[in-house]
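Taking it in order: structure first as structure tokens, then the write-up.
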Amino acid sequence: MVKRVFLTVVCLLTVLLPAVAQSYTGTMTLEEKSSCVVGLRRKDFPAPTNNGIPGRTAHLPAYGIPSLVMADGTSGIRLSRKGEERSTAFPSSTSIASSWDQAIAREVGDAVGREALHYGVNIMLAPGMNIIRNPLCGRSFEYYSEDPLMSGKMAAGYVNGLQQLGVAACIKHFICNNQETNRTHVDTRVSERALREIYLRGYQICISDSDPWAAMSSYNSLNGIPVQENRRLLTDILRGELGFGGVLMTDWGLVPHNTVAQIHAGNDLLMPGLPEQKEQIKDGVRNGLLPEEDLDAACSRVMKLSNKCRILPSGTVGLDLQADALVSRKAACEGAVLLRNEGMLPLAEGGSAALFGVRSYDLIPTGDGCAYVPCAYVSQISEAFKSGGVQIDRQLEELYLKYVDFADADMEYNEKGKNRLALGKPVIPELDITRSFIGKVAKKNDYAVVTLGRSSVEGTDRRLKDDFSLSEIEKNLIKNVCEAFHAEGKKVVVVMNTADVVEMASWKDLPDAILNIWLPGQEGGAAAYELLLGQVSPSGRMTVSIPVDYFDLPSAMVFPYDGPSEGGNYDYTDYSESIYVGYRYFSTKDIRVCYPFGYGLSYTSFDYSALKVKASKSKVSVSVTVTNSGLTEGKEAVGIYVSAPSGGMDKPSEELKAFAKTGTLAPGQSETLRMEIPASYLASFNEKTGRWETARGQYILKVGADVTNPRLTAKFKK
Ligand code: BGC
């Protein structure tokens, strides 16, 4: 009975609140309306607001509108760097996506949501869901994949986890914000087809699967028009075609923009908010440049959002950092990708290990900029080995720890006054160790671990030299360690603690094993240990391709790979590769890659059987049985790639249309995975007709996680 009354009240509120919001705007003054849509100045933030908080909305008590609190970011809650408060650092978005498991993204969203409630945060400025068009993009670690389906599904998992707790997600950065160089002004030039099939599709999937309550319009221009002033994009496409029903806020535009055009285009909140924007809005309405109904629509959407959010004073909900650390560790394990294993892993318990590389002792948990998270600790690989009972080489440990202390102090000293620490902490270069010392260490220890590190930061793109490519010191370290240990008949594993991919073709055959743990969050060291020792069998798969050479990438030349300089790739960037992003290009053009999209090894093996495909008008239903055919337990991620019939429009040779992951399967155990491909996912956008078209004829469906290695195939007709 009580439950029925409660549900009736909830239903009535759902129906009535929009109407209430609408009627409020009728009684609001122009001054109040303009306050409602412009963020609060930092100096007007009510105390106590943690100074890591980047924005708040205005408090309008007469209308029951609270001041909504926003927090970054994509790896957990960013709070002040200097304060006492702590939050959990989760793995980067690329790592989470590499789990190929939407449930992991959801669990992380749920844990972030609980911490958000604790800190009184109402809107998380996450997830980041730009397409990883080029691995040098400085924020690609904040994004999920080169593939829009993967990106949209993972984002939806996170959004659902967060919003079920009453915390809004804000999907960002809409749209085609795929480089950091000149990010506020670059004009992205992209074809209508690529825009729709690659860049908008992930948003469309996320919106239909999770109804995000907020989105962020990006700084850049698209085909000559600033995104934030483009009504066709923000209102006709985002709201009209993609069905977005939430609040659209601008990215933190400290660059002068046309305020009136921004509201008219469909933005509901101008962030972080400047007093002059309110004046511009009022003037715009008074002199007829801004239709008042645009402002009313924006205000009522802000009101609706505040009705949906769970508003609680900070501290009301408890903080369980220990529980969230376990979620972080689980996600780090699921997202790690085993790239190579020539009979080395899993390692035996105990024994002695030589840990090389600064990052074996000073792991990079997250990227920097607004993805920074003030976590309580970072679990180190070295510490995890020691507590697991492995004897690590003491001399090496001492050497690296001293070097890390020295390098940290030196960096801080040299960077003073240059304001470089504002967005990111400079990363310590690798230590040059002599061959003779490595030779001595090789004699004393059973095996070696070399950890490679790469951080990345908002506002800057990565470089080719000493970043995408390994530095000479790093190359020598891998080569010398491998030579010395192999000469002793001992093995070497490289652990990659990298924000995005690096060049690997020139060295990947040297070590016996390679484990990619990405930026794994604060539990990274423990997660790496569990994976290396086989306490968890790796089950992550790449969601980006690793090219043999940077210049094999379709976007290589149309990306600012050699740093900022005026002209192409700075003032504008032509997305001349069109829809051929990532594996869509490599597999269509048959270009060899270092590791393909979907690649990842396990400690066990899996058989695929009983593939069933049924195509109806509205969808294609697929089921496949996966059996653990090896000797240890493990999970298998499965991708469904579809090749369209030839003739008609050009199409990639195959595209990911669905994916799923098994639970943990014991040896001999099977699971049948069922997936559905909505018919609309098969359509391509015809620029000539301005319509989505589905090719008629025979489709080929390939099953298998790695795009280059189908395990089973089937055909269906459309
Ligand atoms: C970033 C956004 C972030 C915002 C608030 C901007 O510079 O691009 O991703 O959410 O700042 O910190």
Side-chain angles (χ1 to χ4, degrees), residues 38-42 45 49-57 68-81 83 87 90 92-94 112 116 119 121-132 137-144 151 155 158-159 162 167-186 188 203 212-222 226-228 246-257 262 267-274 366-374 419 422-424 456-461 499:
V38 175
L40 268 193
R41 277 183 310 187
R42 180 163 283 280
F45 281 9
T49 301
N50 184 295
N51 66 22
I53 293 298
R56 295 190 66 141
T57 60
L68 298 174
V69 180
M70 307 181 186
D72 282 301
T74 51
S75 298
I77 301 184
R78 173 207 193 193
L79 299 163
S80 165
R81 279 175 201 270
S87 50
F90 294 93
S92 66
S93 307
T94 323
V112 172
Y119 284 115
V121 169
N122 312 114
I123 306 173
M124 278 306 297
L125 303 176
M129 47 179 311
N130 295 83
I131 291 294
I132 305 182
C137 169
R139 293 186 87 172
S140 61
F141 70 93
E142 296 196 64
Y143 307 143
Y144 293 111
S151 177
Y158 177 93
V159 172
L162 194 69
V167 178
C170 176
I171 53 175
K172 68 185 186 184
H173 310 83
F174 187 87
I175 187 122
C176 292
N177 184 186
N178 309 92
Q179 72 184 56
E180 289 300 287
T181 305
N182 194 22
R183 66 174 175 155
T184 50
H185 288 92
V186 65
T188 297
Y203 283 91
W213 298 347
M216 189 185 287
S217 53
S218 58
Y219 291 128
N220 55 293
S221 291
L222 181 82
V227 167
Q228 295 176 351
V247 158
L248 182 63
M249 66 184 78
T250 63
D251 199 346
W252 266 229
L254 295 167
V255 271
H257 265 302
Q262 285 176 312
N267 292 286
D268 305 311
L269 264 177
L270 305 184
M271 296 306 296
L274 300 166
T366 58
D368 225 321
C370 65
Y372 165 83
V373 179
N419 200 22
L423 275 181
S456 197
V457 60
E458 172 187 356
T460 318
D461 287 314

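Predicted model, so just to flag it, every value in this text is computed and none were measured. Order of appearance sets the numbers: ligands from 1, and atoms from 1 within every ligand. The analysis underlying the following values was restricted to heavy atoms, covering all of them including side chains, and did not include hydrogens, waters or symmetry mates.
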Roughly how far, to the nearest 0.5 Å, is SG of Cys137 from OH of Tyr143?
5.5 Å
List the residues meeting side-chain hydrogen bond (donor to acceptor under 3.5 Å, both in side chains) with Asp72, not counting sequence neighbours, and say none if there are none.
Arg78, Lys172
So which atom in Cys176 and which in Thr188 form the shortest heavy-atom distance, rounded to 0.1 Å?
O-OG1, 3.1 Å
With sequence neighbours left out, what residues match Thr460 under side-chain hydrogen bond (donor to acceptor under 3.5 Å, both in side chains)?
none
Judged by atom type as modelled, is there a donor-acceptor pair below 3.5 Å linking the side chain of Asp461 to the main-chain atoms of Thr181?
yes
Holding to side-chain hydrogen bond (donor to acceptor under 3.5 Å, both in side chains), I want the full list of residues that pass it with Glu142, two or more places apart in sequence or in another chain.
Thr74, Arg139
Enumerate, one pair per line, all nitrogen or oxygen atoms of ligand 1 lying under 3.5 Å from a protein nitrogen or oxygen, stating the separation to 0.1 Å; write 'none' if no such pair exists.
{"unit_1": "ligand 1", "atom_1": "7 (O)", "unit_2": "Arg183", "atom_2": "NH2", "d": "3.3"}
{"unit_1": "ligand 1", "atom_1": "7 (O)", "unit_2": "Tyr219", "atom_2": "OH", "d": "2.9"}
{"unit_1": "ligand 1", "atom_1": "7 (O)", "unit_2": "Glu458", "atom_2": "OE2", "d": "2.9"}
{"unit_1": "ligand 1", "atom_1": "8 (O)", "unit_2": "Arg139", "atom_2": "NH1", "d": "2.9"}
{"unit_1": "ligand 1", "atom_1": "8 (O)", "unit_2": "Arg183", "atom_2": "NH1", "d": "3.1"}
{"unit_1": "ligand 1", "atom_1": "8 (O)", "unit_2": "Asp251", "atom_2": "OD1", "d": "3.2"}
{"unit_1": "ligand 1", "atom_1": "8 (O)", "unit_2": "Asp251", "atom_2": "OD2", "d": "2.7"}
{"unit_1": "ligand 1", "atom_1": "9 (O)", "unit_2": "Arg139", "atom_2": "NH1", "d": "3.3"}
{"unit_1": "ligand 1", "atom_1": "9 (O)", "unit_2": "Arg139", "atom_2": "NH2", "d": "2.9"}
{"unit_1": "ligand 1", "atom_1": "9 (O)", "unit_2": "Lys172", "atom_2": "NZ", "d": "2.9"}
{"unit_1": "ligand 1", "atom_1": "9 (O)", "unit_2": "His173", "atom_2": "NE2", "d": "2.7"}
{"unit_1": "ligand 1", "atom_1": "10 (O)", "unit_2": "Asp72", "atom_2": "OD1", "d": "2.7"}
{"unit_1": "ligand 1", "atom_1": "10 (O)", "unit_2": "Lys172", "atom_2": "NZ", "d": "3.1"}
{"unit_1": "ligand 1", "atom_1": "12 (O)", "unit_2": "Asp72", "atom_2": "OD2", "d": "2.5"}

